[in-house]
Amino acid sequence: MDLRGATVTTLHDREHAWPREIRLDGFVYGALRSDKDSLKEDTAYRLAWVRRNPGYAPQPYEQLAASYRQAGHDDAARRVLLEKQRHRRRTVHPAGRVWGHLLDATVGYGYRPWLAGVWLAALSLLGTLAFSLCSPVRTKPGEGDPFHAFVYTVDLLFPIGDFGQRGAWHWSGAAQWLSYLLIAIGWLLTTAVVAGVSRVLNRN
């Protein structure tokens, strides 16, 4: 079925009303009506419907998200746009796919920024527990604040700003490598958050 360039005011359909392949690029519609009992079920059905379009095309996803947003279903619209990015990821080169997986896991391409908070909380807990079991060495004897494992971990994870712990203490052995790893992860998370949120703002 070819719906490219078609326009309807209200799309009212049932799950088994469509063929296996539908060309939806350029299809414009307003309100959505289906036989699904919940918005979650309807969103899953509509996403499967959009995927019947051969290949990757952004317009069917953006049209579906716009219809949900017009109806006041912002969460459903964000889910659709997230799935659009996941579909697009399969079409890019390997390095782009790796970066896409990182954006997805850390901030959901900017549509789930709370994921970054989950990562930071988990890593803060890990660092606090690990550094509490070790004895750091003062960078400058007699100077600096007393060591605090939690504040030190947060200082490593946030590349911007300084709580006075990161430069005041250093380690040897496994704890030193853990501190390097947390610094690297902190930069990756920060970059992913900025990239994900910028992507959403630019699109909006």
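The model shown is predicted, which means the values in this text are computed figures rather than measured ones. For this chain, numbers begin at 1 and follow the sequence in order.
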Q. Going by the side chain to side chain donor-acceptor pair (under 3.5 Å) test, which pairs reach into residues 147-159, not counting sequence neighbours?
A.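 Found Y152-W171.
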
Considering non-hydrogen atoms only, spot the tightest contact between [X] and [Y] and give its length.
X: A130; Y: C134; answer: O-SG, 3.5 Å
X: L82; Y: G108; answer: CD1-O, 3.4 Å
X: R4; Y: D2; answer: NH2-OD2, 2.6 Å

Q: Inspect the surroundings of CZ in R112 and state if more than 12 heavy atoms from other residues, nucleotides or ligands are less than 6.0 Å away.
A: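 It does not: R112 CZ has 12 such atoms or fewer within range.
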
Using a 4.5 Å cut-off on heavy atoms from C-beta on, say whether the side chain of [Y] contacts that of [X].
X: R23; Y: M1; answer: no
X: F27; Y: V8; answer: yes
X: L178; Y: F131; answer: yes
X: D13; Y: R46; answer: yes
X: L125; Y: F150; answer: no
X: L157; Y: I183; answer: no
X: L120; Y: V154; answer: no
X: R51; Y: E83; answer: yes

Okay, side chain of [X], backbone of [Y]: is any donor-acceptor separation there less than 3.5 Å?
X: Q85; Y: Y109; result: no
X: S67; Y: L32; result: no
X: Q165; Y: P146; result: yes
X: E21; Y: P54; result: no
X: R97; Y: V92; result: yes
X: H93; Y: G96; result: yes
X: Q63; Y: Y29; result: yes

Q: Verify the distance criterion only: is there a donor paired with an acceptor across the side chains of D25 and Y56 at less than 3.5 Å?
A: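 Not at all, the side chains of D25 and Y56 share no donor-acceptor pair under 3.5 Å.
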
Q.
For the residue pair Y180 / Q176, report whether a side-chain donor-acceptor contact shorter than 3.5 Å exists.
A.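 Judged by distance alone, the side chains do pair up.
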
Q. If you group Ile, Leu, Val, Met, Phe, Trp and Tyr by side-chain heavy-atom gaps below 4.5 Å, do L47 and L39 land in one group?
A.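 Both belong to a single hydrophobic cluster.
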
**Q.** Same apolar cluster (I L V M F W Y, side chains within < 4.5 Å links), L126/L115
**A.**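 No.
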
**Q.** Residues L64, R69; criterion side chain to side chain contact (heavy atoms under 4.5 Å, CB included); working and verdict
**A.** CA-CA 9 Å; L64 179 57; R69 190 177 290 115; over 6 Å; no

Supply the atom-to-atom distance [X] [atom1] to [Y] [atom2], rounded to the nearest 0.5 angstrom.
X: S124; Y: F158; atom1: OG; atom2: CZ; answer: 7.0 Å
X: R78; Y: K84; atom1: CZ; atom2: NZ; answer: 15.0 Å
X: W119; Y: T106; atom1: CH2; atom2: OG1; answer: 8.5 Å
X: H12; Y: D35; atom1: NE2; atom2: CG; answer: 7.5 Å
X: L24; Y: N53; atom1: CG; atom2: CG; answer: 5.0 Å
X: L123; Y: L189; atom1: CG; atom2: CG; answer: 6.5 Å

Q. Parallel, tilted or perpendicular for W18 and W49, by the 30°/60° rule?
A.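 Tilted.
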
